[in-house]
Amino acid sequence: MTRTLDKHELGVALIGYAFMGAAHSQAWRTAPHFFDLPLRPALTVLAGRNPAAVTDAAARLGWSSTETDWRRVLERDDVDLVDICTPGDTHAEIAIAALEAGKHVLCEKPLANSVAQAQAMADAAAKAAAHGIRSMVGFTYRRVPAIGLARRLVAEGRLGEIRHVRAQYLQDWIADPSAPMSWRLEKDKAGSGALGDIGAHIVDLTQYITGQALTGVSAMLETFVEERPLPASAGSLSGVGGEGTGTVTVDDAAVFLGRFTGGALGVFEATRFALGRKNAIRIEINGSAGSLAFDFEDMNVLHFFDGGEPAGTAGFRRIVVTEPEHPYVAAWWPAGHGLGYEHGFTHQVVDLVTAIAEDEDPAPSFADGLQVQQVLDAVERSAANDSAFTEIQRSS
Ligand code: SOE
């Protein structure tokens, strides 16, 4: 069933309806109610392989119709944009086909499961952009107002020369060895483990805040628990279920050192075994004139140390980043009321829809996603080579 869109609507198709699909659905529904968008998203179709499950999900998440084959979505005239919320092994095939079908694309991170796939996606995106077809990769944490302030302080020179970048992404959802297998623990589906799933975020965030790119890394990867019980539900995403165990084929944790183009040194940790830490993205940046510190578990706050303060009264100040002057904040609540995890997804929709309407390339682009993939690849190559310092390949 298709319908004619009016010229002020943007017909959206979502592929995948698990955690990310739910977060994206919330953003597509909410954005036009809080932001004055140049195009109004129409939640046209939700695609998923299981007919009963995708029908239930469409009703729950607010989608007008369903498809059980994503390829059908690309043939529909009431679809202008495809939003990819599936495991990483399907990103390249879906995104390239959608771009070639003339659909704008939003793709969850990491962009792909390999540099080769990410390169093909970036090439397809560049080709499509020549015809006004836009694409974005979903690094939503860039759109937390406190991260925007961190980037602004660095750009304004308030930290001076950047010397140290310290970044952790700490979770603990599989610290218990009895936690079952999932697609996120299978290399052929996820590409990597903590490295690509959450390490990609801190690679993107630190480069976004500092304006510097990583040039090389020295890394270690570890898989602490190598066998896990299969999920009880036969319909698990990994397609397996029932008795027995499965083999974990990805990293549980990644730690790496990095050098940045501006000379800063980086220390990175991404783990799913930091017992007690649920979704702690912790970033501290030390410069010659100041420092900043952020923790996503207190996401409306940025800590800033101004090196120009007299020593007797100097200290990290706790900035509550909820004043209307900060990006996105004026659309929401009065100062002090704060935003949550879901707001980054809504802000992502706002920026993507605005870029499409203004015929501009949104950021982060597939080229940005490819560069992050190249960092992840260098981490894996370093870890496989006794943690030798490994340069990050550059696209031609
Ligand atoms: C991992 O558990 C995860 O869902 C990531 O895949 C998301 O990108 C992150 O926003 C929350 O944690």
Side-chain angles (χ1 to χ4, degrees), residues 14-27 61 83-91 106-113 118 136-147 167-176 179-187 189-208 223-225 228 231 236-238 248 250-254 268-283 294-300 339-349 352 364 368-369 372-373 375-376:
L14 175 67
I15 303 177
Y17 48 86
F19 176 10
M20 285 302 111
H24 284 230
S25 298
Q26 175 279 142
L61 299 174
D83 183 359
I84 303 170
C85 289
T86 54
D89 62 323
T90 58
H91 287 184
L106 171 59
C107 184
E108 259 297 325
K109 43 49 63 184
L111 187 64
N113 284 0
M136 181 194 267
V137 60
F139 288 116
T140 54
Y141 291 120
R142 290 182 171 208
R143 296 183 159 87
V144 171
I147 295 294
Q168 300 170 319
Y169 198 148
L170 311 175
Q171 294 181 340
D172 70 358
W173 58 281
I174 54 169
D176 179 348
M181 280 300 291
S182 76
W183 67 267
R184 290 179 188 269
L185 306 181
E186 298 171 48
K187 186 170 183 63
K189 293 223 181 317
S192 63
L195 175 63
D197 183 26
I198 52 179
H201 278 300
I202 52 179
V203 167
D204 177 67
L205 274 178
T206 52
Q207 296 185 130
Y208 177 68
T223 304
F224 298 116
V225 174
R228 288 185 176 273
S236 69
L237 271 174
S238 59
V248 175
V250 295
D251 57 281
D252 288 329
F268 294 81
E269 186 180 8
T271 180
R272 294 162 163 166
F273 278 70
L275 197 59
R277 300 297 179 200
K278 300 306 172 183
N279 200 49
I281 302 171
R282 297 175 162 185
I283 294 174
F294 171 80
D295 183 346
F296 183 77
E297 291 189 345
D298 189 13
M299 67 171 281
N300 291 286
L339 303 184
Y341 173 72
E342 74 280 11
H343 290 85
F345 292 85
T346 304
H347 301 159
Q348 175 173 262
V349 163
L352 177 55
D368 295 324
V372 171
Q373 208 75 41
V375 175
L376 304 181

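In what follows, every heavy atom counts, from backbone to side chain, and hydrogens, waters and symmetry copies are set aside. Atoms within each ligand, like the ligands themselves, are counted from 1 in listed order.
- Checked against ring-ring contact (aromatic ring centres under 6.0 Å, His included), F224 has the following partners two or more places apart in sequence or in another chain: F273.
- Contact shell of ligand 1 (protein heavy atoms, cutoff 4.0 Å): F19, K109, Y141, Y169, Q171, W173, R184, D197, H201, N279, Y341.
- Annotation: ring-ring contact (aromatic ring centres under 6.0 Å, His included) contacts of F268 (sequence neighbours excluded): F256.
- Using the six-membered ring where Trp is involved, Y169 and H201 have ring planes that are tilted, between 30° and 60° apart.
- Taking H91 as the reference, nothing meets the ring-ring contact (aromatic ring centres under 6.0 Å, His included) condition, with sequence neighbours excluded.
- Listed for the K189 side chain is no donor-acceptor partner under 3.5 Å among the backbone atoms of G88.
- Remark: the E297 side chain and the N279 side chain contain no N/O donor-acceptor pair separated by less than 3.5 Å.
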